[in-house]
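Not measured: the values here are computed from a predicted model. Just so we're on the same page: letters track the sequence lines, and every chain starts at 1.
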Amino acid sequence: MNKTLANFLSKPASIVAPLLLGSILEREVDGKLLRVKIVETEAYDQTDAASHSYKGKTPRTDIMFGEQGHLYVYFTYGMHYCCNVVTDVDGIGSAVLIRAVEPLEGTKYMQELRNHSGRDLTNGPAKLCQALAIDKQLNGHDLSTSPLKLIIQEPINPRKITQTKRIGISQAKDVPWRYYITGNEYVSRP
DNA sequence: TGCCTGATGTTCT
DNA sequence: GAACATCAGGCAC
């Protein structure tokens with residue numbers, strides 16, 4: 001694990017989530033390079049009823065309780081994958097869900113992977129996983145290594161970040177741990 | 001443009 | 001056996 005990245009992610013999810021906005025994900029697949037910018041995140045930790053780690057460590061959530069900087073991929077609703085960046089130190093079940101990204105490079109191949117084009121290419125957690133060919137094979141992947149790298153950028157101006165309640169969940173809806181870049185067209189709809 | 005619904009697998013009770 | 005951190009397509013307005 002890259003030390004700078006590990007250090008950056010060594011804090012609770014609610015702290016890291018807004019700092020991840022504007023950072024870059026680089027994905028290599030089939031010899032092609034895909035680059036996207038993170039524009040929307042949600043924080044989850046073990047004190048949070050909506051979190052997979054809330055009920056303690058299970059085989060499924062093992063990754064969330066592990067070392068920060070790894071990818072936690074889960075399968076949901078019978079047909080979709082979603083990906084999280086594990087944060088906080090080893091032993092704490094804390095992660096940041098990537099909800100939306102903005103395509104920077106390889107857009108055409110993402111459209112092929114999604115078999116879909118247009119604005120709604122990556123504006124949802126399951127959509128971006130499909131666009132980046134992320135599935136459970138990448139569960140536990142170290143984000144400082146290929147074929148999927150997280151590249152931290154300077155944190156964007158907090159004034160350009162909107163913080164709201166989370167969406168698409170049934171528990172702890174009132175916890176305001178959703179963050180997105182204000183006005184970015186790739187953010188999912190509220 | 002916006003609500004409603006079906007598809008469908010993994011996990012935990 | 002139910003819940004689920006979802007999406008896409010259909011149909012009404």
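Both distances falling under 3.5 Å, in either a Watson-Crick or a G-U wobble arrangement, occur for no nucleotide opposite C:dA5. With a 3.5 Å ceiling on both atom-pair distances, the Watson-Crick or G-U wobble partner of C:dC11 is B:dG2.
Distance from the side chain of A:Y72 is smallest for C:dA5 among the nucleotides B:dC12, C:dA8, C:dA5. Here the side chain of A:M79 is nearest to one of B:dT10, B:dA7, B:dT13, namely B:dA7. With C:dA5, B:dA7, B:dG9 as the choices, the nucleotide that has an atom nearest any side-chain atom of A:Y44 turns out to be C:dA5. Side-chain atoms of A:Y77 lie closest to C:dC4 of the nucleotides C:dC4, B:dT13, B:dG9. With B:dT10, C:dA8, C:dA5 as the choices, the nucleotide that has an atom nearest any side-chain atom of A:R114 turns out to be C:dA8. Comparing B:dT13, C:dA5, B:dT8 by their nearest atom to the side chain of A:Y74 picks out C:dA5. The side chain of A:R60 has B:dT11 as its nearest neighbour among C:dA5, B:dT11, C:dC7. Counting only heavy atoms from C-beta on, A:P59 has its side chain closest to B:dC12 among B:dC12, C:dC7, C:dA5. Residue A:A126 places its side chain closer to C:dC7 than to any other of B:dC12, C:dC7, C:dA5.
The nearest whole Å value for the distance from the NZ atom in A:K173 to the C1' atom in C:dC4 is 13 Å. The CG-C1' distance, from A:N139 to C:dA5, rounds to 15 Å in whole Å. Atoms CD1 (A:I169) and P (C:dC7) sit 14 Å apart, rounded to a whole Å. Residue A:Y81 contributes atom OH, which lies 15 Å from atom C1' of C:dC4 at whole-angstrom precision. At whole-Å resolution of the value, NZ in A:K55 and P in C:dC4 are 8 Å apart. The nearest whole Å value for the distance from the NE2 atom in A:H52 to the P atom in C:dA5 is 5 Å. In this structure, A:Q130 places its CD atom 14 Å from C1' of B:dA7, rounding to the nearest Å. For the pair A:F75 CZ and C:dA3 C1', the computed distance is 15 Å after rounding to whole Å.
For C:dA8, one of the phosphate oxygens OP1 or OP2 lies less than 4.0 angstrom from a side-chain nitrogen or oxygen of A:K127. The shortest distance between the side-chain N/O atoms of A:T58 and the OP1/OP2 oxygens of B:dC12 is below 4.0 Å. The phosphate of C:dC4 has OP1 or OP2 within less than 4.0 Å of a side-chain N or O from A:S170.
Among the heavy atoms of the strands lying under 4.0 Å from A:A50 is at least one base atom, whether or not backbone atoms are also near.
Contact annotation: side chain of A:N84 to base of C:dA5, donor-acceptor pair present below 3.5 Å.
The environment of CG in A:N115 is sparse: at most 12 heavy-atom neighbours from other residues, nucleotides or ligands sit within 6.0 Å. Atom OH of A:Y54 has 12 or fewer neighbouring heavy atoms from other residues, nucleotides or ligands inside a 6.0 Å radius.
Map A:H80 and A:K136 each onto its nearest nucleotide of DNA chain B; the residue landing nearer the 5' end is A:H80.
With contacts defined as side-chain heavy-atom distances shorter than 4.5 Å, the pair A:K37/A:E102 qualifies.
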Open item on the list: Between A:C83 and A:H141, is the side-chain contact (heavy atoms from CB on, under 4.5 Å) condition met? List the steps.
Closed with: CA-CA 11 Å; A:C83 63; A:H141 173 74; over 6 Å; no

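Checking A:V101, A:L25, A:L132 one by one against A:L34, the side chain to side chain contact (heavy atoms under 4.5 Å, CB included) holds for a single residue, A:L132. Between A:I24 and the choices A:I152, A:V36, A:I151, the side chain to side chain contact (heavy atoms under 4.5 Å, CB included) rule is met once, by A:I151.
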